[in-house]
Amino acid sequence: MGGTNQSVVSEFLLLGLSRQPQQHQQLLFLLFLIMYLVTVLGNLLIILAIGTDSHLHTPMYFFLSNLSFVDVCFSSTSVPKVLANHILRNQAISFSGCLMQIYFLCVFAVMDNFLLAVMAYDRFVAICHPLHYTTKMTHQLCVLLVVGSWVLSSLNALLHTLLMARLSFCADNIIPQYFCEVTPLLKLSCSDTHLNELMILFVAGLLMIAPFVCILVSYVLIACAVLRVSSISGRWKAFSTCSSHLAVVCLFYGTIISLYFNPSSSHSAGSDMAAAMMYTVVTPMLNPFIYSLRNRDLKGALMKVLTMKFLSSRRC
């Protein structure tokens, strides 16, 4: 059976929401819908504000606009399927649809990881080498970092998707989550999954740990530089330039650690779904608020965009 490279199971059942009581399902559906709309609107406004304001055409905002785009795509990979399944009362997803969801979730999750690391490096250069910032963070380097991140993320996702496609699924097809995830699928397979697990451990692990180490090293060096500043106001100003990014990093990695690095005995269907919601839905939704509320330039650009939209609607 394994040699045919075909699966006996033609579809899976995503039971993340359906395992909840009926009244909880309605509440979760409304919650998913509101959070998704806020995510899309908030991140698109960030992209529009950065694109239309020439003062924000800097490396930091270039990376932020890419992060906002990735966050919209990240949420769009899983949430619309959740909403459609609830409305249609059908929890099924085809085998090919499941593989596509795994591919795009892997791409955007690793892209989030890379972009957070790149933004940490950008803050390190801005605070520790301010006089050389414009010569170090050139437009060519910024584009190269983003393109390189996309290439590595896509190759990683393609590797895991192809390895998943070769597996056979012979009996159980129930996924206790609201989206297709690699780990639950491996548990359902009746094929040998050792190669998949090794690739997750080495390749995916490396692509997640290396950016995290880069972020830690950047912030250690930033902290050392900030502590050398004599005035308290100067320290606060230096810290405030990276506080938003640090908040997003803590939120992103905190939810991933709670989901994937806790003992299996502490896991339950409800806690796993809540943790998955945090990093696939809540974090992309909160990112625009975290970055805009503490950033005067971005708030000004957003106000200009909203004012222009309001005036144009009044004229119509």
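On a predicted model such as this, the values are computed, not experimentally measured, just so you know. Hydrogens, waters and symmetry mates are skipped; everything else that's a heavy atom, side chains included, is used.
Here the SG atom belonging to Cys142 is positioned 7.0 Å from the CG atom belonging to Asp122, to the nearest 0.5 angstrom. Note that CG of Leu144 and NE2 of His139 are 11.0 Å apart. Values are rounded to the nearest 0.5 Å. Between the CG atom in Leu186 and the CD1 atom in Ile200 there is a gap of 5.0 Å [rounded to 0.5 Å]. Atom CZ in Arg123 sits 11.0 Å away from atom OG in Ser218 (nearest 0.5 Å). Rounding to the nearest 0.5 Å gives a distance of 12.0 Å between CE of Met111 and CG of Leu207. The distance from the SG atom of Cys250 to the CG atom of Leu246 is 4.5 Å, given to the nearest 0.5 Å.
A search for side chain to side chain donor-acceptor pair (under 3.5 Å) contacts involving Tyr36 returns Ser76, not counting sequence neighbours. Partners of Leu99 under the side chain to side chain contact (heavy atoms under 4.5 Å, CB included) rule, at least two apart in sequence or in another chain, are Phe95, Thr161, Met164, Ala165. Legend: residues meeting side chain to side chain contact (heavy atoms under 4.5 Å, CB included) with Thr77, ordered by chain and number and at least two apart, are Gln101, Phe104, Leu105, Phe108. Legend: residues meeting ring pair (Phe, Tyr, Trp, His ring centres under 6.0 Å) with His57, ordered by chain and number and at least two apart, are absent.
Tyr61 has its side chain out of reach of Asp53: every pair of non-hydrogen atoms, C-beta onward, lies at least 4.5 Å apart. Counting only heavy atoms from C-beta outward, the side chains of Leu141 and Lys136 never approach each other to under 4.5 Å. Proximity of Phe12 to Leu185: side-chain heavy atoms (C-beta onward) are separated by under 4.5 Å at one or more points. Residues Val110 and Leu152 are not in side-chain contact: their nearest non-hydrogen atoms beyond the backbone lie 4.5 Å or more apart. In this structure the side chain of Met35 never reaches within 4.5 angstrom of the side chain of Val79, judged on heavy atoms. With contacts defined as side-chain heavy-atom distances shorter than 4.5 Å, the pair Val118/Val146 does not qualify. Proximity of Ser68 to Val72: side-chain heavy atoms (C-beta onward) are nowhere separated by under 4.5 Å. Inter-residue side-chain proximity for Phe29 and Ile87 is flagged as met; some heavy-atom pair is nearer than 4.5 Å.
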>> Evaluate Val143 against Phe62 for side-chain contact (heavy atoms from CB on, under 4.5 Å), listing each step before the verdict.
In response: CA-CA 9 Å; Val143 172; Phe62 172 71; 4.3 Å; yes
>> Leu188 vs Asn173, test: side-chain contact (heavy atoms from CB on, under 4.5 Å). Steps then yes/no.
In response: CA-CA 7 Å; Leu188 296 179; Asn173 69 337; 5.6 Å; no
> Do Tyr178 and Val281 pass the side-chain contact (heavy atoms from CB on, under 4.5 Å) test, and can you show the C-alpha distance, the side-chain angles, and the key distance before you say yes or no?
Replying inline: CA-CA 12 Å; Tyr178 63 87; Val281 185; 3.9 Å; yes
>> Test side-chain contact (heavy atoms from CB on, under 4.5 Å) on Phe63 and Met137; report intermediate values, then the result.
In response: CA-CA 12 Å; Phe63 296 135; Met137 297 302 296; 3.8 Å; yes
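Val217 and Val220 fall into different hydrophobic clusters, where Ile, Leu, Val, Met, Phe, Trp and Tyr are joined by side-chain heavy atoms under 4.5 Å apart, directly or via other members. Under the 4.5 Å side-chain heavy-atom criterion for ILVMFWY residues, a single connected hydrophobic cluster contains both Leu30 and Met278. Cluster membership check: Val147 shares its hydrophobic cluster with Phe69, using side-chain heavy-atom separations under 4.5 Å among Ile, Leu, Val, Met, Phe, Trp and Tyr. Both Val107 and Val151 are members of a single hydrophobic cluster when ILVMFWY side chains are connected at heavy-atom separations under 4.5 Å. Note on Leu221 and Met60: same hydrophobic cluster, where clusters join Ile, Leu, Val, Met, Phe, Trp and Tyr whose side-chain heavy atoms are under 4.5 Å apart, directly or indirectly.
For the pair Ser191 (side chain) and Ser168 (backbone), a donor-acceptor distance under 3.5 Å is present. Judged purely by atom type and a 3.5 angstrom limit, Ser65 has no side-chain atom pairing as donor or acceptor with the backbone of Ile47. Using modelled atom types, one side-chain atom of Ser94 and one backbone atom of Gly97 make a donor-acceptor pair closer than 3.5 Å.
Applying the disulfide (SG to SG under 2.5 Å) test to pairs two or more places apart or on separate chains, those with a residue in residues 37-102 are Cys98-Cys180. Listed by first and then second residue, the ring pair (Phe, Tyr, Trp, His ring centres under 6.0 Å) pairs involving residues 185-213 are Phe212-Tyr253 (not counting sequence neighbours).
A side-chain contact (heavy atoms from CB on, under 4.5 Å) with Asp71 holds for exactly one of Asn43, Ile46, Leu115; it is Asn43.
Annotation for Ala92 and Asn85: closest pair O-OD1, 4.0 Å, computed over non-hydrogen atoms. For the pair Leu14 and Phe179, the tightest heavy-atom approach, listed with the atom from each and the gap, is CD2-C, 3.8 Å. For the pair Ile175 and Pro184, the tightest heavy-atom approach, listed with the atom from each and the gap, is CG2-CB, 4.1 Å.
Outside the 6.0 Å centre-distance limit, the rings of Tyr103 and His160 are not counted as a close aromatic pair.
Counting heavy atoms of neighbouring residues, nucleotides and ligands inside a 6.0 Å radius, atom CE of Met100 does not exceed 12 of them. Within a 6.0 Å radius of CD1 in Ile209, no more than 12 heavy atoms belonging to other residues, nucleotides or ligands are found.
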